[in-house]
Structure formats: structure tokens, C-alpha cells
Protein chains: 2
Amino acid sequence: MATIKDVAKLAGVAVSTASYALNNNSRVNSETAKRVLEAAKTLNYQKNGIARDLKRSKTETIGIIVQDLSGPFYSELMRGAQDTLLTHKYGLIACSAIGGNVSTATKFLRERRVDGVIILAESLPDELILQSVREDFPIIVLDRKLDSDSIIHVLVDNFSGGYQATQHLIDLGHKELAYIGGPSHNRDNQLRFEGYKQALKDSGIHLHPSWILQGQYTREGGYSAGKILMMQGNAPSAVFCANDEMAVGAIKAFKEAGLKIPHDLSIIGFDDIEISQYISPPLSTVKQSNYEIGSLAAHLIYQALNEGIEGRDYLLPTELVLRSSTARKQL
Amino acid sequence: MATIKDVAKLAGVAVSTASYALNNNSRVNSETAKRVLEAAKTLNYQKNGIARDLKRSKTETIGIIVQDLSGPFYSELMRGAQDTLLTHKYGLIACSAIGGNVSTATKFLRERRVDGVIILAESLPDELILQSVREDFPIIVLDRKLDSDSIIHVLVDNFSGGYQATQHLIDLGHKELAYIGGPSHNRDNQLRFEGYKQALKDSGIHLHPSWILQGQYTREGGYSAGKILMMQGNAPSAVFCANDEMAVGAIKAFKEAGLKIPHDLSIIGFDDIEISQYISPPLSTVKQSNYEIGSLAAHLIYQALNEGIEGRDYLLPTELVLRSSTARKQL
DNA sequence: CTGTTAGCGCGTTCAC
DNA sequence: GTGAACGCGCTAACAG
């Protein structure tokens, strides 16, 4: 591999001159510059980015850590981040949180391989993040609330989302409202549940413990929860599922029980994943604008790196997406 | 930021000793090592990975370049690559091909920021890839065939896939077979089309030019193509769509025209994307095992880096996934 | 066996 | 246009 030294030698100039020439610095006269560029070409010189980053002590790259590099769920978010960073000439690289202490995530976080990180990976331990806090290394978390005043939070307003969904069902005349939740330790789920409870309370509707179920955020979990709901005898007239995956599973269970949706039972989800519009009936749900989240996160990180920022806690609104799985209660 | 120097000073040892201690080298006696580790802890020392990579001239990280970091399409593939690399203690980072010459993709390719790359991004120019060829830098392409004997190809057998799909329709008794294709310059599409033509030929079925349509690989394109097919008057009895997205669109068009699928018309897609099983009717399609592709790519890159490899061209089989959108031709 | 000295990897940038 | 220090950690060779 040719280094800048080889280029300099071939062009008959000092290494520093070669460096200036290769970076189009106007200090070198165009004649010399041309010679250098030619030498670089003949040697097929490729700069060593690592050496460069080391010297300049910055990488102009932001890392995003996601659960498993595979979630269709992150699509829009990444696009948002990518688009925004690109306008600032920053790069974006993604890695997964899988792999524990040898994971690339750890490298990103601790070894200064990127100038800042965006985190959206439940499985990444809080401690790892907190240990990585240091000056001039912006960390944005999208999936939890951490107790450190240098960490920036961009969170979705899950509470309002849960409230909105529930209120929508109430507005349609439903009073028997079940809740199929995600893992109980999951923060998003907790907040969505709080929203649900608050909405019931505000309308003076009593919360019915046997209608509170757990579906682990999975399709299978939603299916089981739906089955249980049916077997209990006193079926509710509407169900709020804390995510769309579970709603898909629950719908299956309800259909198998012979219910017509939304005629016999209304159901609303959360997330607005892609398949929600293709299932039958198309699912009403609560949507968070992932593109905006990504874009905001990227924007904040750039600001933090270059101009400094003021606020450190951002709460983004949710939006109701009404399709055909919810309807006015039949009398 | 504390550097190893600070740690050494605080522990009262030479930098080299600190380095050995931090890397658990048995040369330093445990007493000293403990002192060093403690010093590191009190200073919150984090090693600079960049400096390390520079010195060792390797990163133990593989890059994967995808179209836009967002495709649900890559999910399985990434998982495959990730899992495999992890067992070799290599990291995986992903970046998008968007951004032209300032893109992170370019950095990966030219600036030795990773030890090897996997490419799956149509928009990345051939030249950029070819220019990045150098010794000891394995490049695996999954989306095209390049004329360089140091580039490794892992390709899906699109020809056979196209053949399989078409043959399946023929086996069901269909003889009026339409083809809705992707962009004509797209290599995958071309091969699928070749497979289609070959299958027709082998069964002595004449190819009907007005049944060859173009849908740009998009849902809307498939929809339009479906409409056109209906308007032509002489509708085929079965359709092979070069990807599932188009099949989804086409089905919509056929339904709007009052056709019952598969009773009046059979349709088969390609890719087996997630929604294929949720649409109505569930779509028969041709599947490529993306997990395996990713895993194989990762395996090859590891081999190339550590043991050297023999073969440079791999062709992976496709598999027919039969659901309910295809049926025996009605007499 | 333990610890130290010193040079390296490679490009950037300041002082001359 | 150039020489040389520098960023930071690794590691071979050497000394005690």
C-alpha cells in the first residue's frame, strides 16, 4: 500500500507538500500540485483515513446503535438521521448492540471511533452508556431516560399516545376497554399504559383488571392474549394493543373466535408498522414520526458538536392513524 | 481525555508497562497490573481505538454497504453476517451508499477504515468499487458481477428462480403467462426474465410480447402493469412478477377488475418479503435465503482475511414458497 | 521475570 | 515549499 511518503518521493517534494496538494490547499502552486496528484494516481495512493482521524482527533462520523441492524422499524429513522447529517457532511454508520462487550457498539461508545452516537437499543445496558459519557462526546438516547445531564433525550410521547388511542375508543362509545401490553419492565409500554389509565380515569371509566393482559410485544403474545380475553367470558368491546405486532396477533385470535372486526370489537395498535395497512381489516393505530426523530437526533448531535445546545430533553408528539379496525360501538 | 500516558504517570510506571497491563499481558506482575488498572479507572481512561487500529493496521471490523440503511429487505442478511462475524470476534458496521463522493461508503472503500466490505447497493458505481481493489482488502459484492479476479461474488441464482416460478405456473396447467418485470437495466430482473423465457421455451410455449410488462419493481408499477394487462382484452391466466412489491400492486389491479385470485388468475412473486404472507390471498413466491447469503459473505471475508480462499464465485439457490395465489388452471 | 527505552504507523499542521 | 513535532497506543529489543 502506497503511503503519502511514496507519493512525495515520486513527485520529488516533501511529505507536507504532498499532503497540502492532496487536500487542495492553495499554498502549493498548481504545477507542483499537479505533479503530486499524478504521482498519487500512478501509485494508486489511497489515504489512510485512520491516520487522518487520529491526527485531527475527529472522525466526522456519527454512529447509530440499534438493536439488531435489521428492524424494518428503524427505516425511516435512519433516513431522517442520514439526510440531516449529510447536509452537514457528516457520515453515519450503524451497528448492532448484539455481542456484549466485544460488540462494535462498545467500540463506538468507548473508543472514540465516532464523534457522537445515537442509541436505540433496549438491550444496551444503562451502565455502558453512562460510563461512556465524556466531554465533547454527544450521546443521544431514543429509548430510555437516563439520569445524566450531558445525555440528550429524544423521546416519543408514549403517554399521550396511549391516551389518544384510548380516548379514541372512548369517543366511539366504548366503555369495556382491554389493554394488551408489552413487557412490564419496558418503559414505552409503561407510559402507554399510564396513558390508557389516565384516559379511563378522565372519563370516569373503571379499570377492569382482568382486561389488562401482557403480550410481550410479539405477535404470538398478542394472539395468546386475545385468546385469553375470549375465554374469560366477559369480552370487552374494544382493545388497545401497545404495539401493532400484538394487534396483528390479537386480530387473528378474535377472528378465530368468530368475531367480526370492527363490528363486534374495535382494536387499535401502536407504531404504525408497514403491515398494519395490509392486514384485514387495516389497523387503526398511533404513529410516531420516525423520520423526524432521526432527523432531530442528527440535528442535535451536530449542534452539540459544533455550536453547543441548550435543551437536552425533547418529547415528540404522536398521531392517530385511523383505518378500519375501530368503529362506533354497536348498541 | 485521559490517555495511556496519564495512566502510566498516575500508576508510576512506563507507558509500555501500562499498555501491557491494560492488555492483560502476563509480563507485568499482578501487583503492578492492579495499580495500572486502578489508575485507569480513576482517570476514566478509555483507549483510543483509532490509535490502536493505526498501529496494528487492522480494525477487525467489516463494513457492509447497503442502499439506504433502511430496507427491511436486508434484515436477515445482516443478521446472517453479524452472527457469523461475531463468532470470529469481528465487528460489523453498516453504512449507506447515498451521498456520492463524501459518503461514508467511499470512506469505507478507500480509506482503510474497515478490513473488508460487503456491498449490496445498486447505486454504488462499478468504478468506485474497482478502484478500491487492493491486496488484502476483500470485497464481496452481492448485487452485480464485476470483472476483477480479486472481487468475490455471492449471487442468488435469479435465473433458476425465474425458471422455477414459471415452471410452477406451467405445472399448474397455465399456458398464457405474463411477466411483469423490474427496471430493464437491472441485472436481477434480466436474469429472472431469462429464466421465464427459458421455461416457456422448454415447454414449447410461445412468448407473447404484449404480456411482457415493466413495473419498475414498485408497487405502483405493478398496479399499472396489472391495469394494462386487463385493458388489453386478452388477459393471461397467470402472471409472474419479478418481485413481490409489484405482485402486491398487480393483485390490487386484478381485484379491482373483478378477478378472483387464484380462481381466475394465478400470480407468483419473487423475494418473499414480509407482507407477502399477510396480503389476501397470501402470495406464492420465490425466496432467497438472505440469512445464508449474509452468513456466507461474512464467512468468506473472514477466510479471505485469515486463511485465504479458493473460490470467488458463489451462486445460491432459490426456493419456491407456495401459498394461495397460485392454483391449477380452471377449465 | 519485570520494567524501560525507543521507534513505529501515517497524515496534518505550524514555524521557518 | 520544507522539516519536524504531533496524535496515541503497540511492541521489539534491551537492562536490571
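A, B, ... follow the sequence lines: proteins, then strands. Residue 1 opens every chain. Just so it is clear, the values below take in all heavy atoms, side chains as well, and ignore hydrogens, waters and symmetry mates.
Listed by residue number, A:Y45 are the residues of residues 33-46 of chain A with a heavy-atom contact under 4.0 Å to DNA chain C. For residues 51-59 of chain B, proximity to DNA chain D is found at B:A51, B:R52, B:K55, defined as any non-hydrogen atom under 4.0 angstrom from a strand atom.
Atom P of nucleotide C:dA6 and atom NZ of B:K5 are separated by 14 Å, given to the nearest angstrom. Remark: P of C:dG11 and CG of B:N48 are 17 Å apart, rounded to the nearest angstrom. In this structure, A:K9 places its NZ atom 15 Å from P of D:dT2, rounding to the nearest Å. Between the CG atom of A:N25 and the C1' atom of D:dT2 there is a distance of 14 Å, given to the nearest Å. Between the CG atom of B:N24 and the P atom of D:dG9 there is a distance of 16 Å, rounded to whole Å. Distance CD1 (B:I50) to C1' (D:dC10): 16 Å, rounded to an integer number of Å.
Scanning all heavy atoms of the two residues, the minimum distance from B:H153 to B:R144 falls at CD2-O, 3.1 Å. The minimum heavy-atom distance between B:A304 and B:I309, with the atom names listed, is N-CG2, 3.7 Å. A:V28 and A:A33 make their closest contact through CG2-CB, 3.8 Å (heavy atoms, listed as atom of the first residue, atom of the second, distance). Residue B:I65 comes nearest to B:A97 through the heavy atom pair CG2-CB, 4.0 Å, listed as atom of the first residue, atom of the second, then distance.
In the set D:dG9, D:dA12, D:dT2, D:dA12 carries the atom at the smallest distance from any side-chain atom of B:Y20. For A:N23, the listed nucleotide lying nearest its side chain is C:dT12; candidates were D:dC10, C:dA15, C:dT12. Closest approach to the A:T3 side chain among C:dG11, D:dC8, C:dT2 is made by C:dG11 (side chain taken as heavy atoms from C-beta onward).
Not counting sequence neighbours, A:F108 has no partner by the ring-ring contact (aromatic ring centres under 6.0 Å, His included) test. Residues passing the ring-ring contact (aromatic ring centres under 6.0 Å, His included) test with A:Y45, sequence neighbours excluded: none. Take B:E127 and apply the side-chain contact (heavy atoms from CB on, under 4.5 Å) test, not counting sequence neighbours, and it matches B:P125, B:Q131.
Within 4.0 Å of B:S26, counting heavy atoms only, lie sugar-phosphate atoms of the nucleic acid but no base atom.
Cation-pi geometry between B:R79 and B:Y291 is not met: the NZ or CZ atom fails to fall both under 6.0 Å from the ring centre and inside 45° of the normal.
In this structure, B:Y90 and B:Y302 have perpendicular ring planes: the angle between them is above 60°, well past the 30° mark.
Contact of A:S16 with C:dT12 (side chain to base): no donor-acceptor pair of N or O atoms is detected under 3.5 Å.
Between A:S19 and B:V13, the residue anchored nearer the 5' end of DNA chain C, judged by the nucleotide with its closest heavy atom, is B:V13. Comparing A:R27 and A:V15, the nucleotide of DNA chain D nearest to each residue sits closer to the 5' end for A:R27. Between A:I4 and B:T32, the residue anchored closer to the 5' end of DNA chain C is B:T32, taking for each the nucleotide with the nearest heavy atom.
Contact annotation: A:N29 reaches the phosphate of D:dG1 (side-chain N/O to OP1 or OP2, under 4.0 Å).
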Taking distance alone, no hydrogens or angles, what donor-acceptor pairs closer than 3.5 Å link side-chain atoms of residues 3-18 of chain A to residues at least two apart or in another chain?
unit_1: A:T3; atom_1: OG1; unit_2: A:K5; atom_2: N; d: 3.2
unit_1: A:D6; atom_1: OD2; unit_2: A:T3; atom_2: N; d: 2.8

